Amino acid sequence: MLASRFYMPTLREAPADAEMPSHRLLLRGGFIRPLSAGIFTWLPLGQRVLQRVENVVREEMNRAGAHEVLMPVLHPRDLWERSGRWDTFQPTPLRVTDRAEREFCLGPTHEEVITDLIAMDLDSYRELPVTLYQIQVKFRDEIRPRGGLIRGKEFIMKDAYSFDRTREGLDTSYDAMYDAYVRIFERLRLPVVVVEAEAGSIGGTDTREFMLLSENGEDTVYMCDSCDYASNAECATAMAPEPIEPAAESHRELVSTPDAKTVEQVTGMLGTTPDRLVKTLLYRTDEGFIAALVRGDRSLNEFKLARIVHGESLRMADEAEVRELTGARVGFAGPVGLPENVRIIADYEVQAMSDFVTGANQDDAHFTNVNLGADFEPDEFADLREACHGDSCAHCDSGALQARRCIEMAHVFKLGTNYSEALDATFRDADGHEQPCIMGCYGIGVSRIVSALVEQYHDDAGIMWPRESAPFDATILLLSPDDEELRAVADNLYAELREAGIEVLYDERDASPGVKFAEADLIGAPVRAVVGRTTKKEGKVELRRRVDGEEQLVPLDEAVKAIVTLLGDA
RNA sequence: CGGGGCGUGGCGCAGCUUGGAAGCGCGCCUGCUUUGGGAGCAGGAGGCCGCCGGUUCAAAUCCGGCCGCCCCGACCA
């Protein structure tokens, strides 16, 4: 590609409101341009990167035996009604109405469409297993887009879906996708960590996320510093402490705590600390009320609570409900003296506490010196709290959990039969019985990978693309375009490299050397070849590897070979 | 949705407190010079000051409303 004829509008300074390095550099380098919050146009450079990333994904999907399809963006309401997600998917899908008042949503994900597709043609177990995938734009009405391509309202995702006749078959399909993902991230040079995860609005089991550790990430994972346990903060578990003996006799005391509603206010007033208080959080489900107890300095993990109570409609009790249950304002709830029908679930950690503070279920009062056994008995104990940095690992003897920020790159789930049952994707088994097929679902954030690559591979001057994702493999800088001898050398090198199958950006523009160097660093092709005064004097080309700045001078007739070698480990 | 910040030539910003001729740097155009790290000199073009309304003799500046963008939080494959 001749730089003089290529569209690559670079910016000397990034817009002030772009903060993340990837966002700034992609804008400055002329890879993307914003249209609206969380919505971007891909410029030629960005499109080249995107296509290269897509191709790595595509090749590995095909290698794993998946077949590519392309599904619609507009999904009819009826389909989403049948899966039950029209009203429940979060964030609520973007909805549109056509001229005949038919309702559609812009697909945020494609379980419904793919399951319906399979249902149309699936008859016999002989047709399974099958895995289909697509690389498609998704729309999510995100609460808050951020970080450029990291979280957009509109983004590109590779989503694959497997259909099997047995659970064992699903395991095989799942493993094939998992392995393909490992290869994809190896090829892209993204050192991901695979962690346990929540299934969210998709549903399913055995969910794993592929995370890139990055200070600029928006997720948190906990990793054990001793064993290989790693989990999204949404479901990480810490070692539960040893329970202590329940107290035989009560010696709790009622104390006045006027207007003290928060843990800090109560413990401050009573001269104690949050880890000596038990917090009582009241929830409502379809089946009734729940009191969840955690230590005062801990956060309740609602995913964990929801899993225990199988509560699809879990929500915090409102003010009126709290008053009805406790007879007090919000802020004074406690486990002692709650109505019989409130199910009390206590975090394991509470089992190791004694003489603690709780709400007294009356306005402006708390109990001190409360104990399990003597004062109340929970219906059950469970892991309810969020893990914290430094907690003991629950999976080994010696490790501690370390919190790390990260960017979610991919997610795999075993879906089971939720969708196949709802949408009648069934087949006849060998015995002639009708069975729902067993599904798996596997997503990769393709556009997000582009951002993640920049976060991982950049310096102050610009981007340092690994070869698989680079917009160009190499760039030639012709520093004196008016010198006919040098131009002939550079033209020739350009032709030879192209013949060798190398994608080259040839900067033969009538611009100053400084501009060419700066833009080459910014755009970030793995290898740079300079044709200039050294070429004139010594007949040599100057090669430089972007990622580490390593330079070498090579004779003209060895340049192509040297560049190929440099690219080999880029 | 809550909190904070911002909106002035293509980009980065000053001006607003205290109303009175729209500025600076970069970029762009023309000419000459220059050519190894975002060149120099000279000349030039380009702005409904986000939008609507109000106050005033007079509004980029003060007041009200709206829109947009960014950051934090809640939330989230």
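Just so you know, these numbers come straight off a predicted model, no measurement behind them. Here is the naming used below: chain letters follow the sequence lines, and residue numbers restart at 1 for every chain.
Residues A/Phe6 and A/Phe472 place their aromatic rings such that the two centres sit under 6.0 Å apart.
No hydrogens or angles were tested; on distance alone, nothing pairs the side chain of A/Arg24 with the base of B/G12 as donor and acceptor under 3.5 Å. For A/Arg151 against B/C76, a side-chain-to-base donor-acceptor contact under 3.5 Å is present. For B/G10, its base never sits under 3.5 Å from the side chain of A/Arg12 at any donor and acceptor pair. Between the side chain of A/Thr534 and the base of B/G36 there is at least one donor-acceptor pair of N/O atoms closer than 3.5 Å.
Side-chain proximity of A/Val515 to the nucleotides B/C69, B/G38, B/G37 is greatest for B/G38. Here the nucleotide nearest the side chain of A/Gln90, chosen from B/C76, B/G36, B/G37, is B/C76. For A/Ser512, counting side-chain heavy atoms from C-beta on, the closest listed nucleotide (B/A39, B/C69, B/G37) is B/A39. Relative to the side chain of A/Arg144, the nucleotides B/C71, B/C76, B/A39 differ in distance, and B/C71 lies closest. Nearest to the side-chain atoms of A/Glu13 among the listed nucleotides B/C11, B/G38, B/G36 stands B/C11. Side-chain atoms of A/Val530 lie closest to B/G36 of the nucleotides B/G73, B/G36, B/C76. Checked against B/G36, B/C70, B/C76, the side chain of A/Arg533 finds its nearest nucleotide in B/G36.
Rounded to whole Å, the distance from CD on A/Glu551 to P on B/G37 is 13 Å. The distance from atom CG of A/Leu553 to atom P of B/G36 is 16 Å, rounded to the nearest whole Å. Rounding to whole angstrom units, CD of residue A/Glu386 and P of B/C75 are separated by 9 Å. To the nearest angstrom, P of B/G36 lies 12 Å from CG of A/Asp483. The NZ-P distance, from A/Lys536 to B/G36, rounds to 13 Å in whole Å. Atom pair A/Arg509:CZ and B/G36:C1' shows a separation of 16 Å (rounding to whole Å applied). When rounded to the nearest whole Å, the span between CE of A/Met316 and C1' of B/C75 equals 16 Å. Distance A/Arg146 CZ to B/C1 P: 17 Å, rounded to the nearest Å.
At a cut-off of 3.5 Å, with distance as the only test, a side-chain donor of A/Tyr283 or A/Glu302 sits close to an acceptor on the other residue. With hydrogens and angles left out, the side-chain atoms of A/Thr417 and A/Glu421 include a donor and acceptor closer than 3.5 Å. Checking A/Tyr506 against A/Thr475 by side-chain atom types alone, no donor-acceptor pair falls below 3.5 Å. With no hydrogens or angles considered, no side-chain donor-acceptor pair links A/Ser214 and A/Arg405 at under 3.5 Å. For the residue pair A/Asp164 / A/Ser173, a side-chain donor-acceptor distance below 3.5 Å is found, with atom types taken as modelled.
Below 30°, between 30° and 60°, or above 60°: for A/Trp465 and A/Phe31 the angle between ring planes is between 30° and 60°, a tilted geometry.
Comparing the P positions of B/C11 and B/A58 gives an interatomic distance of 33 Å, to the nearest angstrom. Distance noted for atom P between B/G40 and B/G27: 8 Å (whole Å). Rounded to the nearest Å, the gap between the C1' atom of B/C13 and that of B/G47 is 15 Å. Between B/U18 and B/C62, the distance separating the two C1' atoms is 11 Å to the nearest Å. Atom P of B/U56 sits at a distance of 28 Å from the matching atom of B/G15, rounded to the whole Å. With both ends at atom P, the span from B/C49 to B/G23 equals 14 Å, rounded to whole Å. For B/G10 and B/C28, the P atoms lie 15 Å apart once the distance is rounded to whole Å. B/G9 and B/C52 have their P atoms separated by 16 Å, given to the nearest Å.
Within the 4.0 angstrom heavy-atom criterion, no nucleotide atom of any strand lies near A/Arg208. Residue A/Leu477 is classed as having no contact, given no heavy-atom separation below 4.0 Å to the nucleic acid. Among the protein residues, A/Glu542 comes within range of the nucleic acid bases, having at least one heavy atom under 4.0 Å from a base atom. Nucleic acid contact for A/Arg28: base, since at least one base atom lies under 4.0 Å from a heavy atom of the residue. Looking at heavy-atom distances under 4.0 Å, A/Phe210 makes no contact with the nucleic acid at all. In this structure, A/Ala14 reaches the sugar-phosphate backbone alone: every heavy-atom distance under 4.0 Å involves primed, P, OP1 or OP2 atoms, never a base. Note on A/Gly147: only backbone sugar-phosphate atoms sit closer than 4.0 angstrom, heavy atoms only; bases stay farther off. Base contact: A/Asp482 has a heavy atom under 4.0 Å from a base atom. A/Glu519 comes within 4.0 angstrom of a nucleotide base, judged by non-hydrogen atoms across all strands.
Under the Watson-Crick or G-U wobble criterion, with both distances below 3.5 Å, B/A42 is paired with B/U30. If you check B/A58 for Watson-Crick or wobble pairing at under 3.5 angstrom, you find it has no partner at all. When both pairing distances are held under 3.5 Å, B/G36 makes no Watson-Crick or G-U pair with any nucleotide shown. Nucleotide B/G53: paired with B/C63 (Watson-Crick or G-U wobble, both distances less than 3.5 Å). For B/A74, there is no paired nucleotide, since no Watson-Crick or G-U wobble pair has both relevant distances below 3.5 Å. For B/C6, the paired base is B/G68 (Watson-Crick or G-U wobble, both distances below 3.5 Å). Applying the Watson-Crick and G-U wobble criteria (two distances, each under 3.5 Å), B/G23 pairs with B/C13.
Note that A/Lys414 lies in the cation-pi zone of A/Tyr174, set by a 6.0 Å cut-off to the ring centre and a 45° limit from the axis.
Looking at which nucleotide of RNA chain B each of A/Pro145 and A/Leu11 is closest to, the 5′-most match is held by A/Leu11. With RNA chain B read from its 5' end, the first of the two nearest nucleotides for A/Gly38 and A/Asp521 is the one closest to A/Asp521.
Residue A/Thr10 has no polar side-chain atom (N or O) positioned under 4.0 Å from OP1 or OP2 of B/G38.
A side-chain hydrogen bond (donor to acceptor under 3.5 Å, both in side chains) with A/His75 is found for one member of A/His110, A/Arg95, A/Glu112 and no other, namely A/His110.
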